[in-house]
Amino acid sequence: MKHALLLVLIACAAAAAPARNSCAECHSEQADQYRQDIHLRYGFSCTACHGGDASSDDLTIAKSKAKGFKGAISRTAVPKLCASCHSDATVMHRYRPGQRVDQLQQFMTSVHGRRLAKGDTGVANCVDCHSVHGIREVRDALSPVHPLRLANTCATCHSNASHMAKYNIDTNQHEEYKASVHWAAVSKRGDLSAPTCASCHGNHGATPPEVSSVSAVCGTCHVMMEDLYSKSMHAELFAAMGTGGCSNCHGNHEIRKPGPEMLAGPDSVCQQCHDDGSTGGKVAIQMASLITKLTHELDRADEILGRARRSGMEVSEAQLRQMEGREALIMANVAVHSFDLAEVEKPAMEGLAIAAEGVQAGELALKERDTRRLGLVVFLLAALVAMAGLRMAIRAVEGGSGATETTGR
Amino acid sequence: VPTTDTIPKTEEQPKTGWLDERLGLGAIREFLAHKTVPAHSATVWYYFGGITLFFFMIQVATGILLLLYYRPSPAEAYESVQFIETQVAFGWLIRSVHSWAANLMVLAAFIHMFSVVFLHAYRRPREVTWLSGLVLLGLALAFGFSGYLLPWNETAFFATKVATDMASTVPLIGEPLARFLRGGDDVGGATLTRFFGFHVAVLPAITTLFLLVHLVLVQKHGMSTPLSLENKPVRQIPFFPNFFLRELMTWYGAIAVLACLAALFPWELGEKADPFAPAPEGIRPEWYFLASFYTLKLVPAHVGMVGFGLMTIIWVTLPFWGATTGGVVRRRRVAAAGALMLTYLVVFSILGHL
């Protein structure tokens with residue numbers, strides 16, 4: 001009976017033990033990396049990609065062709081190997097039912113895919129971006145394709161001058177992107193929806209936006225600007241000139257925070273084509289002036305209202321109204337893309353009226369504060385006089401004594 | 001024998017006023033003329049009971065004025081207070097005075113309580129006066145707790161959530177107690193209307209009753225003299241006008257402090273409560289609940305609640321264990337307990353605020 005019980009326990013222990021993986025005995029570095037891999041979590045071992053029989057210590061069996069051993073996967077074979085599962089909806093439904101299965105198709109349309117198909121192994125394939133044995137989910141902050149890391153991953157190749165020389169591609173994109181308002185949004189504000197490389201270039205179907213599609217790419221997020229721009233005369237002109245719309249003024253990778261200084265002054269982009277004295281130049285200067293004035297007035301109103309609030313005055317309604325003024329400022333900045341002064345004037349005037357209301361409300365509150373303080377001084381003086389009067393009355397009363405003595409209890 | 005009807009009215013009859021004849025004001029005058037108050041080096045502490053009463057009267061007056069505009073519903077409470085602050089003439093002053101006076105009233109009540117402890121004024125025959133005073137202090141705290149939520153702002157909303165969560169940890173009755181306070185599973189509109197009801201109807205009614213009891217007992221037993229003067233001749237001054245004028249002077253001082261606070265630091269309204277928003281950082285209750293708030297941060301809630309219960313029992317029964325059966329006051333024991341309680345409240349309130 002005891003022996004039978006022992007046998008059952010041994011059998012249970014054997015069943016509970018993890019499946020044997022002889023690959024790790026020699027390829028310990030890769031095995032270590034694979035411990036963090038998402039595929040291991042779903043039960044895929046080395047043999048899922050490399051074939052062979054990991055349960056055998058015998059190399060001839062473990063690496064037997066009969067067991068489907070593939071060895072190291074060539075760079076040209078990688079996309080199809082990954083696609084054997086990732087392009088199979090039936091397989092993917094078991095693990096990620098909602099995930100797309102057209103990555104290979106997209107990849108084959110990309111510059112990377114097309115070059116790879118021609119035998120250029122210098123271009124990126126799946127493992128260059130997602131890593132080889134330590135693949136993590138995209139949302140994992142340690143994944144090389146997580147929004148916070150993607151630019152660095154692309155830069156591995158695109159900032160490598162010797163590697164890019166043969167493709168005749170500049171290597172300053174990463175440096176420029178790191179100085180952009182988009183990277184600031186991702187890295188400083190933690191806005192993971194802000195653009196990284198793949199947002200404009202695509203991920204699996206990575207391709208540079210053509211001149212004709214630049215505004216459409218930017219318009220994916222900047223809808224209103226794109227709408228106004230596409231209806232403006234500049235859209236036709238820039239298209240005829242064969243230059244990308246938005247990037248003419250804003251650049252491409254190093255997109256800085258826009259402001260009125262882009263319209264007038266030494267950093268004006270309008271002046272690249274329009275002299276100050278020209279009609280276009282004058283319109284640009286007037287637009288800049290309106291936006292600068294609105295910004296200044298809103299700041300002034302905020303400062304006065306803030307001072308009133310810090311003094312304990314209730315100005316929350318006026319401060320709430322100022323938010324509408326800030327919205328008007330945004331609308332005025334957006335309206336610049338129509339290149340029509342009247343379109344900018346409309347929200348700017350609304351904003352200025354709101355700012356004036358804010359200044360007035362703040363000044364009234366500060367005046368009211370001063371009145372209250374004056375009232376307090378008068379009240380305190382009256383209280384002091386009353387207290388002095390009472391003191392005198394007490395002296396007068398106690399001068400006549402009236403005090404008695406009793407036993408304390 | 002002539003009847004009273006037949007006696008002709010003559011000029012010799014004593015002169016009495018119209019009101020005296022009907023209300024018997026002469027008896028009150030007589031009472032005031034003979035009422036005396038002990039005068040000694042510790043007399044200054046006597047004024048804090050009167051100051052507490054003065055702040056309570058201000059609360060009643062300003063509370064009634066606020067009631068003219070306040071609307072107790074989640075949709076309108078914040079807006080109505082905002083209206084009081086910005087649109088109603090002197091509304092900001094009334095609200096600010098109401099809020100500051102509430103805090104000063106609790107502060108004055110605490111000072112009054114500790115002066116009673118350290119001067120041993122709770123001793124026989126004033127045990128019931130002590131008990132009624134403690135009930136009044138509890139009612140003042142309940143006023144503060146219920147009134148804090150009424151503006152329906154963010155801080156008040158989440159502080160009430162935390163406080164009612166604390167209440168739910170009271171052994172045995174915690175859950176029903178929390179449900180009773182909230183009027184449901186969570187703080188919401190039902191809590192607001194309930195707290196409003198407590199604040200303007202239930203608590204004032206109970207407070208009026210206990211205040212009367214407390215004042216009647218103070219009149220009955222007179223003001224206590226310090227132990228060092230017991231059974232010794234003590235100078236007595238007339239209550240009216242001597243003590244009354246002094247009391248009036250302290251009230252003027254109190255209202256001057258209140259006016260400075262209300263005018264220079266108007267009570268903030270903050271942001272409107274949003275039950276679906278995450279709790280903002282640094283949520284803490286009013287200063288008089290900070291000590292218990294900090295204690296519950298250090299110890300498990302149910303342990304803390306049992307501890308508070310024991311502390312309350314010890315404090316309430318102070319006049320009974322603070323004296324021997326023969327009536328001899330255990331001065332050191334009571335002074336040590338008072339010092340311990342005062343240190344605990346001050347230190348833990350500061351730590352809770354940091």
Side-chain angles (χ1 to χ4, degrees), chain A residues 305-321 323 357-358 360-409, chain B residues 36 38-40 78-79 81-82 84-86 90-93 95-96 123-126 221-238 240-257 259-260 262-272:
Chain A
L305 287 170
R307 203 146 33 98
R309 181 155 200 167
R310 284 192 296 279
S311 306
M313 304 304 294
E314 169 55 36
V315 287
S316 59
E317 273 185 44
Q319 284 183 316
L320 199 65
R321 178 89 171 118
M323 287 170 75
E357 278 176 36
Q360 195 186 10
E363 282 173 348
L364 266 175
L366 288 173
K367 202 174 162 190
E368 165 76 9
R369 178 201 65 182
D370 293 341
T371 311
R372 289 180 188 185
R373 289 182 178 176
L374 185 68
L376 174 68
V377 171
V378 172
F379 176 80
L380 288 178
L381 284 173
L384 268 176
V385 170
M387 286 169 84
L390 282 169
R391 184 79 199 131
M392 285 164 69
I394 291 166
R395 279 191 180 173
V397 166
E398 292 185 355
S401 190
T404 54
E405 270 196 357
T406 58
T407 308
R409 65 188 192 104
Chain B
T36 59
H40 47 77
Y78 181 86
E79 285 75 8
V81 178
Q82 203 169 39
I84 290 169
E85 292 249 319
T86 55
F90 294 103
W92 67 273
L93 183 64
R95 179 178 178 248
S96 197
R123 68 186 187 274
R124 198 172 72 179
R126 297 182 181 84
H221 299 300
M223 287 185 185
S224 156
T225 46
L227 270 180
S228 55
L229 299 174
E230 200 171 31
N231 300 322
K232 289 180 186 165
V234 178
R235 192 169 78 93
Q236 299 281 325
I237 57 168
F240 194 88
N242 301 41
F243 189 79
F244 177 77
L245 289 174
R246 285 163 183 266
E247 184 84 59
L248 208 57
M249 212 162 86
T250 60
W251 287 11
Y252 265 106
I255 204 168
V257 171
C260 287
L264 297 177
F265 308 101
W267 205 262
E268 275 201 35
L269 180 56
E271 301 292 326
K272 186 177 178 177

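Chain letters run A, B, ... following the sequence lines, proteins first and then strands; every chain starts at 1.
In this view, B:F243 and B:Y47, B:F239 satisfy the ring-ring contact (aromatic ring centres under 6.0 Å, His included) rule, not counting sequence neighbours.
For the set B:L269, B:L93, B:L248, the count of heavy-atom pairs under 4.5 angstrom toward chain A peaks at B:L248. Listed options B:P226, B:A259, B:S96 were ranked by heavy-atom pairs under 4.5 angstrom with chain A; first place goes to B:A259.
Applying the side-chain hydrogen bond (donor to acceptor under 3.5 Å, both in side chains) test to every pair with at least one member in residues 245-257 of chain B, sequence neighbours left out, gives these pairs: A:E398-B:R246, B:E247-B:W251.
Within the 4.5 angstrom heavy-atom criterion, no atom of A:R369 approaches chain B. Using a 4.5 Å cut-off between heavy atoms, A:I394 touches chain B through backbone and side chain atoms alike. For B:L227, no part lies under 4.5 angstrom from a heavy atom of chain A.
Of the N and O atoms on the side chains of B:Q82 and A:S316, at least one donor lies less than 3.5 Å from an acceptor on the other residue.
A donor-acceptor contact shorter than 3.5 Å is absent between the side chain of B:R95 and the backbone of B:I84.
Closest non-hydrogen pair, A:L305 versus A:V315, comes out as O-CG2, 3.6 Å.
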